[in-house]
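Below you'll find the structure, written out as structure tokens, and then a few comments.
So you know, we letter chains A, B, ... as the sequences are listed, proteins then strands, and number each from 1.
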Amino acid sequence: MEETTVLEVKDLAISFQTFEGVVKAVRGVEFMLKKGETLAIVGESGSGKSVSTKAINRLLPEKNTLIERGEVLFEGQDLLKLSEKDMQGIRGNDIAMIFQDPMTSLNPTMTVGKQIAEPIIAHKNVSKEEAKEKALELMDLVGIHHPKKSYKNYPHQFSGGMRQRVMIAIALACEPKILIADEPTTALDVTIQAQILDLMNKLKDELDTSIIFITHDLGVVAQMADRVAVMYAGQIVEIGTADEIFYNPMHPYTWGLLASMPTLDVDQKNLYTIPGSPPNLLHPPVGDAFAARNDYALAIDFQQEPEVFKVTDTHYAKTWLLHPDAPDVTPPLKVVRRKEKYEALFSVKMYANSTGGGINGG
Amino acid sequence: MKKYVGKRFLTAVPVLLMITIGAFIMINLAPGEPTDLYITPDATVQQVEATRRALGLDQPYPVQYIRWLGRAVTGDLGISFSTRYPVLPIIISRLGPTIVLMGTTLLFSYIVAIPLGIISARKQGTWVDTFLTGSAFVGVSIPNFFLGLGLIYIFAVQLNWFPTGGMQELGVDGSIFSVLRHLVLPVIVLSAFYIANMTRYMRATMIQVYGENYIRTATAKGLAQKVILTKHGIRNALIPVITIVGTDLPRLVGGAIVTEQIFQWPGLGRLTITAIQQRDLPILMAITILSAFVVLLANIFVDVMYAVVDPRIKYD
């Protein structure tokens, strides 16, 4: 895997003007995306994962959105400072998106083929026939049967899974450097979900596209991600490789997420849930936003926001528990078991000195 | 599609029949007698009875209706009680002016209102939007007779720019220019409502369409605003707008009763008023059937247009 950075998000803070007041939806998000990797952003609804990524492509409603601070660096330029016209040249061309709801994301009055050809015509200097040719190739690539016939079909003639394939074809039409997938499988049933994820993985390898994958489904993360960022209340609270997040998590929120994941060896009745609900971002709490729901909260968590502590070169977590003066705590039993598994895996991996793709639970 | 339209026309026949029965009952329920017009205060009972017999009004209602229907299906709509002229030529002579007036009004209204609605929606919340929605509110609220009289006073009486009424100058062969001059004021009066109504509708629809996910997809593709508007916005916004056009279309022959009266426009609207005042049953029946027929026609047209604009709608 090449180690070039394609995208860097620096100290991004976004708020929304609402009738009730200013909602601080994203509060200082930082991450970078390497060429060819898949970064998963996980977190519960309202954690700011979708907002952060929509800001990259500037798809947030201009009227009530305030970018308070931060930069989104793509190929040396700050996307947040580009003119709308320059941004149009990047959307769909360099940075493409797939959305959650394939049933409503396609124009019902335009043929599917035309919708796939549209970004090609907009961004590439090609004739309509060439664009159509390319669209047909894409339809074949994403597994739409009989591309020639389907080209003239309308979205309502397709199933949800097929429509999401159309969305993927649209997103990949200009061979973008970055693909942002905002919960692309949430609205699909499980077998279709697996097909779409396989397809995305296959295409990522073929086209060497970097993917930002937003989800709240940790099972999907395990299947897709090279690295994982965990978001809570508008901040990234932990970021690391998929192995580090799944098998050596450091943040109590990540522990909570992992402990609440159903596994086959746990009685479903005793499934863990994180107590309480996320804070209201109209008035973000003082200190650590997670403190009120955190069984491991320290006194300082209620007074001062934690710093970001480095665990390894790739692994960072925003919790006072990593401070040298913090008391030693034992994570939940389920997480401890995971860590043990990880250590066993880790020693095997060291021994095998594998190619570094990571062992992704699959 | 052809089969569907054919079926729709066939089902329209019993509907029309029911409407004629309803209209016949209602007209006859209205107080007053057609004969009232033809009798002088000193007329004898025998004279009144003779007039009633001459008009066929001495027969029981069902017989009157069946007689009327029997003639109507052959194309004979009877003879006007008040003028003693055949009904059909009277209706046809009044149809032209009304279609000219209402056709111009609707066409002008849509040409103005659709862009205004789009602008209002795209500038939602700005002063432009506030101004347009405010004007539209005034437009739907202001009564026609008030606006009509106001415009006549200012532009016809005071400024003398336009005639106060009629369709062409008396004694002069109507040139197109003359008709156009006579059209200006009544079209403005009538358009006020249609423009306001359509602007509001178009605005609401466009705002709704721009909230749809496929507009977000189009934006994420990197399309220019103009392309998003024309290829993704308007086409989808037209679907609900067709419904409004469908409800407006019958006005093409229904005419504008109040405005035609104010501007002395020789159309069907004025004829309707006169016919009601004179209890001219044959004329009223003919106008009712014509209006009903056009409403049915407009409904079929709207359903066909849905299928043209929206690929999800198919008739077999």
Side-chain angles (χ1 to χ4, degrees), chain A residues 53-54 56-64 84-112 114-124 152-157 163 166-167 169-171 173-174 176 179-180 182 187, chain B residues 1 118-130 133 202-203 205-243 302 304-316:
Chain A
T53 47
K54 280 198 186 112
I56 296 172
N57 230 349
R58 296 246 306 265
L59 284 179
L60 295 168
E62 265 172 42
K63 241 176 297 168
N64 57 353
E84 173 60 28
K85 188 124 196 114
D86 289 336
M87 200 59 220
Q88 280 167 14
I90 287 181
R91 283 190 203 118
N93 191 18
D94 295 314
I95 305 177
M97 289 192 85
I98 306 171
F99 300 100
Q100 178 175 346
D101 193 352
M103 301 308 278
T104 57
S105 290
L106 290 166
N107 182 349
T109 58
M110 191 188 268
T111 62
V112 160
K114 270 195 186 153
Q115 296 192 55
I116 299 174
E118 228 181 2
I120 308 170
I121 293 167
H123 296 297
K124 307 289 180 204
K152 292 197 186 96
N153 283 353
Y154 287 93
H156 70 275
Q157 290 161 297
R163 286 189 214 189
V166 173
M167 287 299 291
I170 290 172
C174 295
L179 176 64
I180 299 172
D182 190 350
Chain B
M1 182 62 109
I118 293 169
I119 291 169
S120 195
R122 297 306 297 134
K123 305 256 178 204
Q124 193 190 355
T126 64
W127 67 267
V128 179
D129 178 37
T130 312
T133 35
M202 195 67 202
R203 174 183 182 271
T205 315
M206 275 313 269
I207 288 174
Q208 199 206 332
V209 165
Y210 264 78
E212 295 285 346
N213 285 340
Y214 53 78
I215 295 291
R216 185 183 62 188
T217 306
T219 314
K221 281 176 181 177
L223 304 181
Q225 281 301 323
K226 206 178 69 190
V227 179
I228 296 175
L229 177 70
T230 51
K231 295 216 169 146
H232 296 271
I234 293 177
R235 176 92 187 253
N236 284 293
L238 280 183
I239 299 166
V241 162
I242 288 172
T243 316
V302 163
V304 170
M305 282 310 286
Y306 281 148
V308 171
V309 173
D310 189 342
R312 284 167 296 187
I313 297 171
K314 280 240 155 51
Y315 307 117
D316 7 69

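Counting heavy atoms from C-beta outward, B:Arg216 and A:Met97 have side chains that stay 4.5 Å or more apart. Residues B:Lys221 and A:Asn93 are not in side-chain contact: their nearest non-hydrogen atoms beyond the backbone lie 4.5 Å or more apart. Looking only at side-chain heavy atoms (C-beta outward), B:Leu223 and A:Gln88 stay at 4.5 Å or farther from each other.
More than 12 heavy atoms of other residues, nucleotides or ligands lie within 6.0 Å of CD in A:Glu84, so this atom counts as buried by the packing criterion. Around the NZ atom of A:Lys124, the shell of radius 6.0 Å holds more than 12 heavy atoms that belong to other residues, nucleotides or ligands.
Neither the backbone nor the side chain of B:Ile215 comes within contact range of chain A, judged by heavy atoms closer than 4.5 Å. Within the 4.5 angstrom heavy-atom criterion, only backbone atoms of B:Val309 (N, CA, C, O) approach chain A. Residue A:Lys114: no heavy atom, backbone or side chain, is found under 4.5 Å from chain B. Only the side chain of A:Ile170 comes within less than 4.5 Å of a heavy atom in chain B; its backbone stays farther off. Heavy atoms closer than 4.5 Å to chain B are found in both the backbone and the side chain of A:Gln115. Only the side chain of A:Lys63 comes within contact range of chain B, with heavy atoms under 4.5 Å apart. At a 4.5 Å heavy-atom cutoff, A:Met103 makes no contact with chain B through either its backbone or its side chain.
Between the CG atom of B:Asn213 and the CG atom of A:Asn107 there is a distance of 12.0 Å, given to the nearest 0.5 Å. Taken to the nearest 0.5 Å, the OG1 atom of B:Thr219 stands 6.5 Å off from the CZ atom of A:Arg91. Interatomic distance, B:His232 NE2 to A:Leu106 CG, rounded to the nearest 0.5 Å: 10.0 Å.
For the pair B:Arg312 and A:Tyr154, the cation does not sit on the ring face, since its NZ or CZ is not both under 6.0 Å from the ring centre and inside 45° of the axis.
Across B:Gly125, B:Ala220, B:Ala218, the residue that shares the most heavy-atom pairs under 4.5 angstrom with chain A is B:Ala220. With chain B as partner, the option from A:Gln100, A:His123, A:Glu118 having the largest number of non-hydrogen pairs under 4.5 angstrom is A:Glu118. The candidate with the highest count of non-hydrogen atom pairs below 4.5 Å against chain B, out of A:Ala173, A:Gly92, A:Pro176, A:Ala96, is A:Gly92.
Residue B:Tyr214 forms a side chain to side chain contact (heavy atoms under 4.5 Å, CB included) with just one option from A:Pro155, A:Ser105, A:Pro108, and that option is A:Pro108.
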Side chain to side chain contact (heavy atoms under 4.5 Å, CB included) assessment of A:Met110 paired with B:Arg235: CA-CA 9 Å; A:Met110 191 188 268; B:Arg235 176 92 187 253; over 6 Å; no

ask   = Is there a side chain to side chain contact (heavy atoms under 4.5 Å, CB included) between B:Leu238 and A:Thr109 once you walk through the steps?
value = CA-CA 11 Å; B:Leu238 280 183; A:Thr109 58; over 6 Å; no

